[in-house]
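Okay, structure first, notes after.
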There are 4 protein chains.
Amino acid sequence: MSEQDQMINELFNNHEELTEKQRRILAAAIESFAEKGYAATSTSEIAKKAGVAEGTIFRHYKTKKDLLLCIVAPLMAKLLAPFVIKDFDKVLNQEYERFEDFVKAMIENRAQFLKNNMQLFKILVQEIPFQPELKEQFTEHIAKKIFERFRKIVEHYQSKGQIIIMEPYSVVRMLASTIFGYLIARYLLMPEDEWDDEGEMERSIFILMHGLSPK
Amino acid sequence: MSEQDQMINELFNNHEELTEKQRRILAAAIESFAEKGYAATSTSEIAKKAGVAEGTIFRHYKTKKDLLLCIVAPLMAKLLAPFVIKDFDKVLNQEYERFEDFVKAMIENRAQFLKNNMQLFKILVQEIPFQPELKEQFTEHIAKKIFERFRKIVEHYQSKGQIIIMEPYSVVRMLASTIFGYLIARYLLMPEDEWDDEGEMERSIFILMHGLSPK
Amino acid sequence: MSEQDQMINELFNNHEELTEKQRRILAAAIESFAEKGYAATSTSEIAKKAGVAEGTIFRHYKTKKDLLLCIVAPLMAKLLAPFVIKDFDKVLNQEYERFEDFVKAMIENRAQFLKNNMQLFKILVQEIPFQPELKEQFTEHIAKKIFERFRKIVEHYQSKGQIIIMEPYSVVRMLASTIFGYLIARYLLMPEDEWDDEGEMERSIFILMHGLSPK
Amino acid sequence: MSEQDQMINELFNNHEELTEKQRRILAAAIESFAEKGYAATSTSEIAKKAGVAEGTIFRHYKTKKDLLLCIVAPLMAKLLAPFVIKDFDKVLNQEYERFEDFVKAMIENRAQFLKNNMQLFKILVQEIPFQPELKEQFTEHIAKKIFERFRKIVEHYQSKGQIIIMEPYSVVRMLASTIFGYLIARYLLMPEDEWDDEGEMERSIFILMHGLSPK
DNA sequence: AATGAATGAGTTTTCATTCAT
DNA sequence: CATGAATGAAAACTCATTCAT
């Protein structure tokens, strides 16, 4: 089973049974959407790449946009899932005594996930601005739920004296900028360069924690 | 003269004389590309919005892609211009004794520029992954020239003991993540929220310089 | 059993045994054909309305047109049946001494039949011009057989001095115009208006018999 | 100039300027719609018959249905125009002393018009049941305006003692049935037969006026 | 320089029909 | 008998581009 297949399975197999053709359609669509963008990809192209008749696509997905949403929505869910677990903060608080360890673990975990799903991530990032459904889902989850949890975590570590006292929103934003900034540079802008992933990650976290100024 | 017009003038009037119709075409294209994406915008739509005949667009721009490039390329040039000035590093070094002041000045300057050209910036960000010409231009300038200058600046301040000793690439990347992370959150993801721009910027720079850990 | 079912039974049960699914297919097809027209109705729509799989339709009817003909042909047969009975004229002649009574009985009888099968009648009327098979059947029966009988009846009543001497064809055409004109206005053009059916019918026959001029 | 062209001119030239291609599109659409029905005619077929590119059709008519309505709506207007003239009844009353003459003139006039526009009439008749816009236009004009005028005319001749006293609605309906019944039989059902138009018309009017019963 | 009618290849989507299960 | 996934041809419609005026 190819890497693509694994990715698709990881995204879909929990929720639905996929036929072979459906999987091939999804794989083809993901590849093309990531490469050329949603609007610039034609359904006939997807059909050809998937080795199915064009009509077959529309038997499974009512419209082209439906196909896009069926690809991207579960990614967003999975991407954000770890932050939505009910007792997320408690678990983590106990597990990670130091804020730095928490950050490290979280970043590594999510970075790994996105690395495994880079094509999907690219599609998500590209299409969020143009698909109101996605945008809504995104802000609904991020802004309302996830952010609230992060705020609590930040406040928790602040009360323990491990983080400076500062508007939590700014802290969370810097955290997100650091992780996404790295991922975008690494996988979207300059994927063909050689990267010292381990080192880059460590250095990012170090700057995030201790800043650029020498003590 | 509208804000749009000013933006367009700022981008183009140095290089070329624009007729009234050309300006209207550019304004319409920028608006539509930013709103719906390049691929999802039709030339007839642009013509209608600009109040010109469809053929007129193609009199000025050979193809639709040509129109896109004529919009985005000068933006990229202007965006990067300050960093390309011949004696860029010398000038700045003398002007800003402290690295923190340099960062602050640079961020404020470029953030202001992007804020004034947010639609254009959005188009640029969206289309870079799909337009090889843009990508090439981008990496050509950024990776080869700009980055080299930044590396020197970082090394300069490192030698003065104002920044920690660390792989300059990582430092530059964190700098870029901080500024773009802020701008994307601010203007692309949540433009309708209320923002304390001044404060957010300051806090970002503080974290960048001193980190999240208390001393 | 619904009205639809009765109608379908009336049309089909003499000739063939219908399974439950077949009956549901027929009912769905009749409803959709009458509402949107044959060409504008899709087989998948019929299948959905009938609650059967798409393939099931084609198990019973080789093609979509076959389905149409299987619906419309028996209607035409039944509609014309009373006029085809072997000794039609003899029977009628004896039963109705006066031409007016004959006309009344016939009109009432056939109007009732069409009223009971209005959807089917609508389909028939709509599709006759476009389906050569139907047109042929129609002219074959009407023009050649039915008309001949009517001509004889008219001549019979003419010889008895009950009808004016006039080209029988014209007489028959006026008869048909009167009945169909009424039915089309009543059920196809303005079905939602209130109608005094009894009265309208009587007045139609009166005019047909005695004309609009006062004596 | 062909017969088709004359018909099209008669319908459209008063209102709009038609380009050569538009006229060819209209002619092709009318021919195909009349022959196979609106739903069963494809736009590619129309384009081919008209000798234009398929896109050209959609430059002039936003949708296929738009094309249909642009063909049929003016026909309906023209068909009903004579009855909408402001002082329609006065004029006619003075011109035709006898009701029979009025009927004769009117029938001849409208029959001639429909004969000249038989294809269009066929399309109109076929599509009225399926196009709500047409149906509404039709009932709006017929039921509300035309019918009211006819009612007055009938009442006028009734008061002069030339027509029997009877619900005017029924009188009007019989009038319409007579004229449309004749036209449909003549031109739609059996167009290839030989017809004695003059004679048929006269006989129809005679029966309408004096009935089938001998005095 | 500007127009806008015309194009034809291309787009998304539908549909009647088939066939393995 | 019944199913419904699969098909591919064709449908309606769009679009970037051209060109005569």
Side-chain angles (χ1 to χ4, degrees), chain A residues 19-22 24-25 39-48 50-67, chain B residues 19-22 24-25 38-48 50-68, chain C residues 19-22 24-25 38-48 50-68, chain D residues 19-22 24-25 39-48 50-67:
Chain A
T19 69
E20 171 57 17
K21 304 233 166 191
Q22 269 193 70
R24 290 220 306 272
I25 290 170
T41 300
S42 74
T43 50
S44 80
E45 191 187 331
I46 295 171
K48 205 172 291 167
V52 303
E54 210 168 344
T56 307
I57 294 176
F58 290 92
R59 174 157 293 275
H60 294 291
Y61 306 94
K62 271 174 80 76
T63 65
K64 189 187 165 194
K65 182 171 284 181
D66 193 34
L67 174 58
Chain B
T19 70
E20 170 57 18
K21 304 231 166 191
Q22 272 193 68
R24 289 220 308 270
I25 290 169
Y38 165 75
T41 299
S42 74
T43 50
S44 80
E45 192 187 331
I46 294 171
K48 202 176 292 169
V52 303
E54 287 191 56
T56 308
I57 293 176
F58 291 91
R59 183 151 297 277
H60 293 290
Y61 306 94
K62 267 176 78 75
T63 65
K64 188 186 166 192
K65 182 170 285 183
D66 192 34
L67 175 57
L68 172 68
Chain C
T19 71
E20 171 58 17
K21 303 231 168 192
Q22 272 194 69
R24 290 221 305 273
I25 290 169
Y38 165 76
T41 299
S42 74
T43 50
S44 79
E45 191 187 330
I46 294 170
K48 203 175 292 166
V52 303
E54 290 192 51
T56 308
I57 292 175
F58 291 91
R59 184 151 296 278
H60 293 289
Y61 306 93
K62 265 175 79 75
T63 66
K64 188 186 166 194
K65 181 169 287 181
D66 192 34
L67 175 58
L68 172 68
Chain D
T19 69
E20 170 58 18
K21 302 232 168 192
Q22 272 194 67
R24 291 221 305 271
I25 291 169
T41 300
S42 75
T43 50
S44 80
E45 190 188 331
I46 295 171
K48 205 172 292 167
V52 303
E54 207 169 344
T56 307
I57 293 175
F58 290 94
R59 174 156 294 276
H60 293 291
Y61 305 93
K62 270 173 81 74
T63 64
K64 189 186 164 193
K65 181 172 285 183
D66 194 34
L67 175 57

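Every value quoted in this text rests on a predicted model; they were computed, and no experiment measured them. Letters A, B, ... mirror the listed sequences (proteins, then strands); counts begin at 1.
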Nearest heavy-atom neighbours spanning B:Thr41 and B:Lys64: O-NZ, 2.8 Å
Given E:dG4, F:dA12, E:dT14, the nucleotide with the shortest approach to the side chain of D:Glu54: F:dA12
Minimum heavy-atom distance between A:Ala39 and B:Ala39, given as atom pair plus value: CB-CB, 3.6 Å
Modelled atom types, side-chain donor and acceptor of D:Thr43 and D:Glu54, under 3.5 Å: yes
C:Arg24 CZ to F:dA2 C1', straight-line distance once rounded to whole Å: 12 Å
Sugar-phosphate only, base, or nothing, as touched by B:Thr63 at under 4.0 Å among non-hydrogen atoms: sugar-phosphate
d(CD1, C:Ile57; P, F:dG4) in whole Å: 13 Å
Whole-Å distance separating the NZ atom of B:Lys21 from the C1' atom of E:dT3: 9 Å
Which residue lies more 5' along DNA chain F, comparing C:Thr56 with D:Lys62 via nearest heavy atoms: C:Thr56
Residue whose closest nucleotide on DNA chain F lies nearer the 5' end, A:Glu20 versus C:Thr19: C:Thr19
Sugar-phosphate only, base, or nothing, as touched by B:Ser42 at under 4.0 Å among non-hydrogen atoms: sugar-phosphate
C:Tyr38 side chain to C:Lys65 backbone, donor-acceptor under 3.5 Å: yes
Protein-nucleotide distance (A:Lys64, atom NZ; F:dA12, atom P), rounded to Å: 21 Å
Whichever of D:Gly51 and B:Gly55 has its nearest DNA chain E nucleotide further upstream toward 5': B:Gly55
Partner nucleotide, any strand, of F:dA20 [Watson-Crick/G-U, under 3.5 Å]: E:dT3
Residue mapping more 5' on DNA chain E - nearest nucleotide basis, A:Ala39 or C:Ala40: A:Ala39
D:Thr43 vs F:dA12: side-chain N/O to OP1/OP2 distance below 4.0 Å: yes
Options F:dA2, F:dA11, E:dA2, nucleotide nearest the side-chain atoms of B:Arg59: E:dA2
Nucleotide F:dT17, atom P - distance to CZ of B:Phe58 in whole Å: 5 Å
Spacing of A:Ile25 atom CD1 relative to F:dT7 atom C1', expressed in whole Å: 12 Å
OP1 or OP2 of F:dC1 under 4.0 Å from side-chain N/O of C:His60: no
For atom CD of D:Glu45 and atom P of F:dA10, their distance in whole Å: 12 Å
For atom OH of B:Tyr61 and atom P of F:dT18, their distance in whole Å: 17 Å
Closest contact, heavy atoms only, C:Tyr61 versus C:Asp66: CA-OD2, 3.6 Å
